[in-house]
Amino acid sequence: MASRGGYRPQGSDGSDHWHRESIAWQYKISSINKWRLRFALFLHILLGLLMFGRCLPGISSAFGFTIVSLRRLDLPHPRPWEYAWLVSLFAAILGFRSTPQNNSFLLRQFVLGVVVFGLFPVFFGIFDVRNDIVAYFQTKSYTFEILGFPAVLLWTGFMVIALQLHMFSIYFSYVLLKAWKPRGTDKLKSK
């Protein structure tokens, strides 16, 4: 290619660019959405680490030992949907492993894991704390406190963030699966 002020082929003013090679759309889309999916999964794992720290007193007591420094925080006992949501971290790992080699099988497993262990626990959590949310906004009363904040507000904030992360992850996965689909399969199906 000629530089801005350098040599240009005879008879070409640079307007003949349409015949040059370009990157196919599926590779552009794949590159952009892989980055987006990895960023969403990174945030998912960060959120999971926060949830793991919040559930650690309940997990440690389930295994029969107590961490004294966690007892001092006086956290409410974790709810069942919080434990179920923690399993979605394994799905996030599958999502990370699917991107380097365009592994659509692992990406489908990730989507299934996020729906079952990510979205369903969040929807169950919304159903679980709906009365507490209404009571808090009507009378400013709450039952549990986490680090000096009303637990119902922290649970609601967590669920809103998790819901958005899961929806974006599913959308990016859908776009990637479409871009990774082998070409020519539509023609074979129509015959």
Side-chain angles (χ1 to χ4, degrees), residues 33 36-99 103-177:
N33 285 295
R36 290 174 179 170
L37 179 63
R38 285 182 190 146
F39 184 69
L41 292 174
F42 173 73
L43 293 177
H44 184 165
I45 289 174
L46 280 180
L47 199 62
L49 290 175
L50 286 174
M51 178 60 81
F52 182 75
R54 187 255 176 282
C55 293
L56 195 57
I59 293 170
S60 65
S61 67
F63 286 113
F65 59 91
T66 305
I67 301 172
V68 178
S69 61
L70 290 176
R71 265 202 186 261
R72 288 187 202 136
L73 293 176
D74 195 31
L75 298 173
H77 194 69
R79 297 186 181 212
W81 63 266
E82 292 175 303
Y83 289 126
W85 187 88
L86 277 175
V87 178
S88 73
L89 293 177
F90 294 113
I93 292 169
L94 288 177
F96 263 119
R97 294 205 51 214
S98 71
T99 55
N103 191 333
S104 54
F105 175 76
L106 285 179
L107 194 60
R108 281 192 212 103
Q109 298 303 313
F110 159 70
V111 170
L112 181 66
V114 163
V115 169
V116 172
F117 296 110
L119 288 178
F120 286 161
V122 168
F123 288 136
F124 182 78
I126 291 170
F127 182 76
D128 186 32
V129 299
R130 71 184 188 286
N131 293 332
D132 294 337
I133 294 169
V134 170
Y136 179 79
F137 285 119
Q138 287 178 350
T139 63
K140 299 290 185 212
S141 64
Y142 51 90
T143 313
F144 299 111
E145 222 177 65
I146 298 176
L147 303 174
F149 296 103
V152 68
L153 290 182
L154 296 177
W155 282 325
T156 305
F158 170 82
M159 288 184 281
V160 166
I161 293 169
L163 188 64
Q164 288 177 355
L165 276 176
H166 295 323
M167 296 305 284
F168 280 126
S169 296
I170 290 171
Y171 173 73
F172 298 145
S173 299
Y174 170 74
V175 172
L176 284 173
L177 285 171

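Residue indices begin at 1 and follow the sequence shown. Just so it is clear, the model here is predicted, and its values are computed rather than measured.
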Q: Begin from the C-alpha positions of F158 and L154 and carry the test side-chain contact (heavy atoms from CB on, under 4.5 Å) through to its verdict.
A: CA-CA 6 Å; F158 170 82; L154 296 177; over 6 Å; no
Nearest 0.5 Å, please: how far is [atom2] in [Y] from [atom1] in [X]?
| X | Y | atom1 | atom2 | result |
| --- | --- | --- | --- | --- |
| I161 | T156 | CD1 | OG1 | 11.0 Å |
| T99 | F172 | OG1 | CZ | 13.5 Å |
| L37 | S173 | CG | OG | 4.5 Å |

Taking only distance into account, with no hydrogens and no angle test, what donor-acceptor pairs under 3.5 Å do side-chain atoms of residues 44-53 form with protein atoms, sequence neighbours excluded?
| from | atom 1 | to | atom 2 | distance (Å) |
| --- | --- | --- | --- | --- |
| H44 | NE2 | S88 | OG | 3.0 |

Q) Going through the checks in order, is the side-chain contact (heavy atoms from CB on, under 4.5 Å) test met by R36 and N33? A) CA-CA 5 Å; R36 290 174 179 170; N33 285 295; 3.5 Å; yes
Q. Judged by atom type as modelled, is there a donor-acceptor pair below 3.5 Å linking the side chain of R54 to the main-chain atoms of P76?
A. yes
Does any non-hydrogen side-chain atom of [Y] lie less than 4.5 Å from one of [X]?
| X | Y | answer |
| --- | --- | --- |
| H166 | W85 | yes |
| V160 | Q164 | yes |
| M167 | Y171 | no |

Q: Mark yes when over 12 heavy atoms from residues, nucleotides or ligands other than F137 sit less than 6.0 Å from its CZ; otherwise mark no.
A: no
Q: Flag yes if more than 12 heavy atoms outside F168 fall under 6.0 Å of its CZ atom; otherwise flag no.
A: no
(Q) Test side-chain contact (heavy atoms from CB on, under 4.5 Å) on I59 and L86; report intermediate values, then the result. (A) CA-CA 11 Å; I59 293 170; L86 277 175; 4.2 Å; yes
Please list every donor-acceptor pair under 3.5 Å in which a side-chain atom of residues 106-135 meets a protein atom from a residue at least two apart or in another chain.
| from | atom 1 | to | atom 2 | distance (Å) |
| --- | --- | --- | --- | --- |
| D128 | OD2 | R79 | NH1 | 2.9 |
| D128 | OD2 | W81 | NE1 | 3.4 |
| R130 | NH1 | F127 | O | 2.5 |

